[in-house]
Amino acid sequence: MATQLPRTRVIIVGAGFSGVAMGAQLKQQLGLNDYVIYERSPHLGGTWWANQYPGCAVDIPSIFYSLSFAPNPNFTKLFPDHYEILAYLEDVARTFEVDQHIQLNTSWDKGVWREDTKSWLVELSNVITGEKFEQECDILISAIGGLVNPQPCTIPGVESFAGPVMHTARWKHDAVLEDKNVIVIGNGCSGTQVVPAIAGKAKNVYQFFRTSQYYFPRKNPNIHPYLKWAFVYIPGVMLAFRWLMFNLLERSVPMSRTDERGARLRAVNKKTSDDYVERTAPKEYWDLLKPKYNVGCKRRVFDPGYLKCLNRDNVHVTSDPIVKIEPTEVITESGKHYPADVIVLATGFDTGKMRMNIVGQDGITAAEHWDQHGGGAYKTTAMSPFPNFFIVLGPNAASGHTSVLFAVEAAIGLIIKLVRPILKGKASSVSVKHDYERQYSTDIQGALKQRVWASCKSFYINADGRNNALYPWSSYTMWWQARFPDMRAWTYSQSKTD
Ligand SMILES: Cc1cc2nc3c(=O)[nH]c(=O)nc-3n(C[C@H](O)[C@H](O)[C@H](O)COP(=O)(O)OP(=O)(O)OC[C@H]3O[C@@H](n4cnc5c(N)ncnc54)[C@H](O)[C@@H]3O)c2cc1C
Ligand SMILES: NC(=O)c1ccc[n+]([C@@H]2O[C@H](COP(=O)([O-])OP(=O)(O)OC[C@H]3O[C@@H](n4cnc5c(N)ncnc54)[C@H](OP(=O)(O)O)[C@@H]3O)[C@@H](O)[C@H]2O)c1
Ligand SMILES: *[C@@H]1O[C@H](CO)[C@@H](O)[C@H](O)[C@H]1NC(C)=O
Ligand SMILES: *[C@@H]1O[C@H](CO)[C@@H](O)[C@H](O)[C@H]1NC(C)=O
């Protein structure tokens with residue numbers, strides 16, 4: 001039934017930063033042109049295409065939220081808006097000719113490892129027409145991201161609502177906010193950015209909290225034209241700024257540890273946040289805005305003007321949960337009715353399980369493998385029964401304190417090193433040894449037990465209590481381990497069994 005596509009050497013799934021950077025490096029470092037990137041959305045960009053809500057911006061300085069091999073002198077602000085990041089990624093895709101390799105509107109549905117041919121049989125489908133395809137490749141790389149699928153709204157009555165209901169990652173640009181009563185559910189990074197951005201337009205903004213967050217003051221200066229000029233014309237200036245920023249961000253790593261120093265640093269940070277609240281927000285909200293859990297347990301929120309905007313007469317915050325949605329109002333647990341024309345779901349993403357439909361050696365699936373291992377992947381990127389399969393920004397790759405792109409590039413560096421012999425025809429498959437994978441999993445989960453993230457409920461922690469999201473060590477360690485990998489952990493098979 002499925003149409004057979006000609007074999008290709010590498011298939012990458014996902015055209016966000018991870019997929020685009022992976023493609024660029026295959027070309028740059030290995031000279032490979034025979035690869036395809038499949039992307040389910042109608043546009044490249046991943047996160048930065050999906051999130052178009054007002055106020056959406058990076059919260060890691062752009063000088064470091066950019067790719068090391070494609071430095072960008074063009075960012076206008078320290079923390080630029082989402083469209084600048086998207087434009088940058090589009091530029092990278094063009095410059096490195098990655099755009100020609102991207103097939104949009106195409107979903108990756110399954111991958112099956114074939115031991116006889118040492119290749120992956122990949123099932124794909126066109127999301128518009130439903131047409132199915134199959135393609136074989138030597139190497140399969142998942143770059144499918146983690147914050148992709150919006151958390152569905154399960155509040156009773158939502159389907160009866162008369163106005164638009166939109167998740168922050170599915171913004172409806174035709175929804176009118178002017179002079180409307182807007183309900184915002186959630187107060188993570190997305191909720192904190194969207195509220196001040198719409199407060200000036202809406203008649204009223206009613207925001208609903210579930211858990212408090214720690215807020216930190218943040219300035220967002222323009223990048224001065226002289227500095228931009230220096231970025232372009234004085235060699236080394238951009239690199240020096242990047243290096244400086246990297247090290248500055250790294251200084252908050254010790255705060256996540258549960259030792260005495262960590263506790264001391266958290267106490268200082270808690271005071272900074274609480275003082276900022278008292279200095280900036282109306283007194284009636286202080287209690288709501290000063291959490292009781294450890295600082296850093298949930299991602300810290302760098303405030304783009306949220307606390308200040310709570311002083312507006314038309315912005316209202318409550319922790320009284322919505323229990324029912326009616327066509328033109330929402331009703332809370334305490335029985336209050338709030339008028340509603342638009343509902344914004346800033347409720348985050350479904351991060352519960354990895355959506356990877358892969359079948360490896362001896363017919364084992366990723367889900368079965370993770371049941372045995374409790375999730376995770378060796379060095380965030382590989383699993384023993386899945387040869388020639390890699391994940392960019394995989395389990396435990398993310399870090400809350402610095403640019404995710406650093407982890408993306410570290411993984412890509414390791415993957416390039418591992419697949420080089422295969423793409424050069426010197427070997428046919430590579431996989432991580434089972435005992436190395438197991439030991440890594442034990443080490444990482446052991447370290448994570450001694451981090452602050454174990455002390456509260458967040459989307460980092462699975463239903464079974466494991467943290468398969470965050471990297472517990474410093475970025476220096478991550479860099480070192482990717483740059484100088486322990487090659488004893490890997491087995492290559494030399495020839496194909498025909
Ligand atoms: C609003 C927001 C702000 C953020 N800000 C920051 C920040 O300031 N700093 C920071 O470090 N990080 C930030 N992040 C995290 C951000 O997700 C990463 O920095 C980075 O963009 C991830 O890139 P990625 O390519 O790995 O994943 P994504 O950008 O999520 O891209 C994955 C792509 O894979 C596609 N895909 C998924 N499954 C399939 C499939 N089965 N078939 C085909 N295609 C598929 C998706 O459609 C998507 O386009 C933010 C995240 C969000 C949501
Ligand atoms: N650059 C940036 O500044 C930026 C911007 C946006 C996102 N991000 C990244 O994206 C990640 C996700 O951020 P996000 O803000 O989209 O999601 P999030 O951090 O998961 O926050 C979701 C919010 O919605 C609340 N919520 C979820 N379901 C709810 C329900 N049924 N009823 C009431 N409240 C509910 C959550 O409350 P609980 O806390 O109680 O669960 C939380 O306040 C962040 O961690 C960050 O890495 C970064
Ligand atoms: C992808 O789908 C969108 C509709 O969602 C369509 O507008 C666009 O032309 C399609 N792109 C490609 C390359 O097929
Ligand atoms: C920066 O802007 C210049 C001029 O518009 C453009 O030529 C260049 O490609 C841009 N660089 C990046 C990395 O976006």
Side-chain angles (χ1 to χ4, degrees), residues 12-22 37-53 55-62 64-65 79-80 82 85 89 102-111 124-129 142-155 167-169 184-194 207-213 218 249 291 298-304 319 321-322 345-351 355-357 391-394 397-408 411 456-460 469:
I12 300 169
V13 185
F17 266 104
S18 296
V20 169
M22 187 73 236
I37 302 180
Y38 289 107
E39 168 58 60
R40 170 169 89 173
S41 303
H43 199 94
L44 68 81
T47 289
W48 302 101
W49 162 252
N51 288 272
Q52 302 183 6
Y53 60 86
C56 180
V58 271
D59 64 356
I60 295 291
S62 54
F64 199 55
Y65 193 81
F79 303 101
H82 63 95
I85 305 289
L89 186 57
I102 301 175
Q103 295 290 328
L104 298 170
N105 295 339
T106 310
S107 160
W108 168 47
D109 301 327
K110 194 172 179 181
L124 306 151
S125 57
N126 183 314
V127 297
I128 311 289
T129 63
S142 165
I144 62 172
L147 305 171
V148 175
N149 300 295
Q151 193 88 261
C153 179
T154 53
I155 302 171
H167 189 273
T168 43
V184 176
I185 307 177
N187 61 324
C189 296
S190 302
T192 305
Q193 289 180 335
V194 79
Q207 188 187 25
F208 294 82
F209 266 43
R210 193 163 61 185
T211 317
S212 308
Q213 298 275 1
R218 187 206 80 171
L249 291 167
K298 288 155 101 61
R299 200 169 185 271
R300 288 169 295 163
V301 179
F302 298 93
D303 182 12
S319 61
I322 301 176
L345 304 169
T347 45
F349 299 87
D350 178 1
T351 53
R355 290 156 201 273
M356 261 180 246
N357 189 4
I391 313 170
V392 186
L393 200 61
S399 47
H401 71 282
T402 189
S403 171
V404 152
L405 302 186
F406 182 83
V408 166
C456 75
K457 195 179 140 280
S458 75
F459 75 81
Y460 301 142

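One-based numbering, in listed order, for ligands and for the atoms of each.
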Nearest 0.5 Å please: distance from the CE atom of Met22 over to the CG atom of Leu393.
13.5 Å
Can you confirm, on distance only, whether ligand 2 has an N/O atom lying under 3.5 Å from any N/O atom belonging to Asp59?
yes
Using the side chain to side chain contact (heavy atoms under 4.5 Å, CB included) rule, take Thr211 and Lys298 through it: C-alpha gap first, then chi angles, then the decisive distance, then the call.
CA-CA 10 Å; Thr211 317; Lys298 288 155 101 61; 4.1 Å; yes
Counting non-hydrogen protein atoms only, what is the nearest one to atom 24 (P) of ligand 1? Give residue, atom name and distance.
Ser18 OG, 3.4 Å
Going by the atom numbers of ligand 1, which of them fall below 4.0 Å from some non-hydrogen atom of Phe349?
53 (C)
Non-hydrogen side-chain atoms of Leu104 and Pro42 separated by less than 4.5 Å
no
Close side-chain approach of Arg355 and Asn149, heavy atoms under 4.5 Å
yes
Proximity winner for atom 36 (N) of ligand 1, if only heavy atoms of Leu405, Val408, Ile144 are counted
Ile144
Donor-acceptor contact below 3.5 Å, side chain Asn357 vs main chain Asp109:
yes
Ile128 neighbourhood, listing ligand 3 atoms whose heavy-atom distance to it stays under 4.0 Å:
2 (O), 4 (C), 5 (O)
In ligand 1, which numbered atoms sit nearer than 4.0 Å to a non-hydrogen atom of Gly14?
33 (C), 34 (O), 35 (C)
At under 4.0 Å between heavy atoms, which part of Ala346 makes contact with ligand 2: side chain, backbone, both or neither?
backbone
Going by heavy atoms in the side chains, are Ser62 and Phe79 under 4.5 Å from each other?
no
Gly19 N/O under 3.5 Å from ligand 1 N/O
no
How far is atom 6 (C) of ligand 3 from the closest protein heavy atom, and which atom is that?
Asn105 ND2, 4.2 Å
Atom 12 (N) of ligand 1: any protein heavy atom closer than 4.0 Å:
yes
With a cutoff of 4.0 Å, is Phe79 in contact with ligand 1, counting heavy atoms of the residue only?
no
Using a strict 4.0 Å threshold on nitrogen-to-oxygen distance, state whether Arg300 and Asp59 make a salt bridge.
no
For atom 46 (C) of ligand 2, the closest protein heavy atom turns out to be Arg299 CD, 3.6 Å
Against heavy atoms of Ser41, which atoms of ligand 1 measure under 4.0 Å?
47 (O)
Any side-chain heavy atom of Glu39 within less than 4.5 Å of one from Leu44?
no
May I ask whether Lys298 places a heavy atom under 4.0 Å from ligand 2?
yes
Can you pull out the closest protein heavy atom to atom 25 (C) of ligand 2? Residue, atom name and distance to 0.1 Å, please.
Gly186 CA, 3.7 Å
Please work out whether any backbone atom (N, CA, C, O) or any side-chain heavy atom from C-beta onward of Ala143 is under 4.0 Å from ligand 1, and answer side chain, backbone, both or neither.
backbone
Could you check atom 43 (O) of ligand 2 against the protein and tell me its nearest heavy-atom contact, residue, atom and distance included?
Asn187 OD1, 2.6 Å
Does any N or O of ligand 1 fall below 3.5 Å from an N or O anywhere on Ser403, backbone included?
no
What protein heavy atom sits nearest atom 15 (C) of ligand 1, and how far away is it?
Leu147 CD1, 4.1 Å
Of all the atoms in ligand 1, which lie at a distance below 4.0 Å from a heavy atom belonging to Ser107?
42 (N), 43 (C)
Below 4.5 Å, heavy atoms only, C-beta onward: do His43 and Trp48 meet side chain to side chain?
no
Heavy atoms only: which of Cys456, Gly191, Ser190, Ser458 lies closest to atom 6 (C) of ligand 2?
Ser190
Atom 3 (O) of ligand 2: which protein heavy atom is closest, and how many Å away?
Gln193 NE2, 2.9 Å
Regarding atom 19 (O) of ligand 2: of the candidates Phe459, Tyr53, Phe79, Phe302, which has the closest heavy atom?
Phe459
List the closest protein heavy-atom neighbour of atom 4 (C) of ligand 2: residue, atom name, distance to the nearest 0.1 Å.
Cys189 CB, 3.4 Å
For Asp59, is at least one N or O under 3.5 Å away from an N or O on ligand 1?
yes
Geometric N/O contact Ala15 with ligand 1, under 3.5 angstrom:
no
Less than 4.0 Å is my threshold; does some heavy atom of Thr106 fall inside it relative to ligand 1?
yes
Sub-4.0 Å heavy-atom contact, Thr168 with ligand 2:
no
Counting heavy atoms only, which part of Leu393 comes closer than 4.0 Å to ligand 1: side chain, backbone, both or neither?
side chain
Under 4.0 Å from atom 9 (O) of ligand 3, do we find at least one protein heavy atom?
no
Below a 4.0 angstrom heavy-atom separation, can you tell me which part of Tyr460, side chain or backbone, both or neither, approaches ligand 2?
neither
Please work out whether any backbone atom (N, CA, C, O) or any side-chain heavy atom from C-beta onward of Phe349 is under 4.0 Å from ligand 2, and answer side chain, backbone, both or neither.
side chain
Measuring from atom 18 (C) of ligand 1, which candidate in Tyr65, Tyr53, Trp48 has the nearest non-hydrogen atom?
Tyr65
Met356 side chain reached by Ile144 side chain, heavy atoms, under 4.5 Å
yes
Considering heavy atoms of the protein only, find what lies nearest to atom 30 (C) of ligand 2 and give residue, atom and distance to 0.1 Å.
Arg210 NH1, 3.4 Å
Which residue and non-hydrogen atom of the protein lie closest to atom 17 (O) of ligand 2, and at what distance in Å?
Gly348 CA, 3.2 Å
Relative to the heavy atoms of Thr402, which atoms of ligand 1 are at a distance of less than 4.0 Å?
11 (O)
Given that the side chain starts at C-beta and the backbone is N, CA, C, O, which of these parts of Val58 lies under 4.0 Å from ligand 2, counting heavy atoms, or is it both or neither?
backbone
With side chain to side chain contact (heavy atoms under 4.5 Å, CB included) as the test, would you mind laying out the steps for Val148 and Arg40 before giving the verdict?
CA-CA 11 Å; Val148 175; Arg40 170 169 89 173; 3.4 Å; yes
Just to check, does Ala57 reach to within less than 4.0 Å of ligand 2 when the distance is taken from its heavy atoms?
yes
Is ligand 2 under 4.0 Å from a heavy atom in the side chain of Pro321, in the backbone, in both, or in neither?
neither
In the protein, which heavy atom is nearest to atom 48 (C) of ligand 1, and how far is it?
Glu39 OE1, 3.5 Å
Heavy atom of Trp49, distance to ligand 1 below 4.0 Å
no
Between Ser399 (side chain only) and His401 (backbone N and O only), is there a donor and an acceptor less than 3.5 Å apart?
no
Note: ligand 1 atoms sitting under 4.0 Å from heavy atoms of Val13 are 40 (C), 42 (N), 43 (C), 44 (N)
Any idea which atoms of ligand 1 are less than 4.0 Å away from a heavy-atom of Val148?
30 (O)
Provide, to 0.1 Å, the distance between atom 33 (C) of ligand 2 and the closest protein heavy atom, together with that atom's residue and name.
Ile185 CG2, 3.6 Å
Under 4.0 Å, heavy atoms only, figure out whether ligand 1 is touched by the backbone of Ile60, its side chain, both or neither.
both
Part of Ile322 within contact of ligand 2 (heavy atoms, under 4.0 Å):
neither
What protein heavy atom sits nearest atom 50 (C) of ligand 1, and how far away is it?
Thr47 CG2, 4.1 Å
Ligand 1 versus Asn51, non-hydrogen atoms closer than 4.0 Å: side chain, backbone, both, neither?
side chain
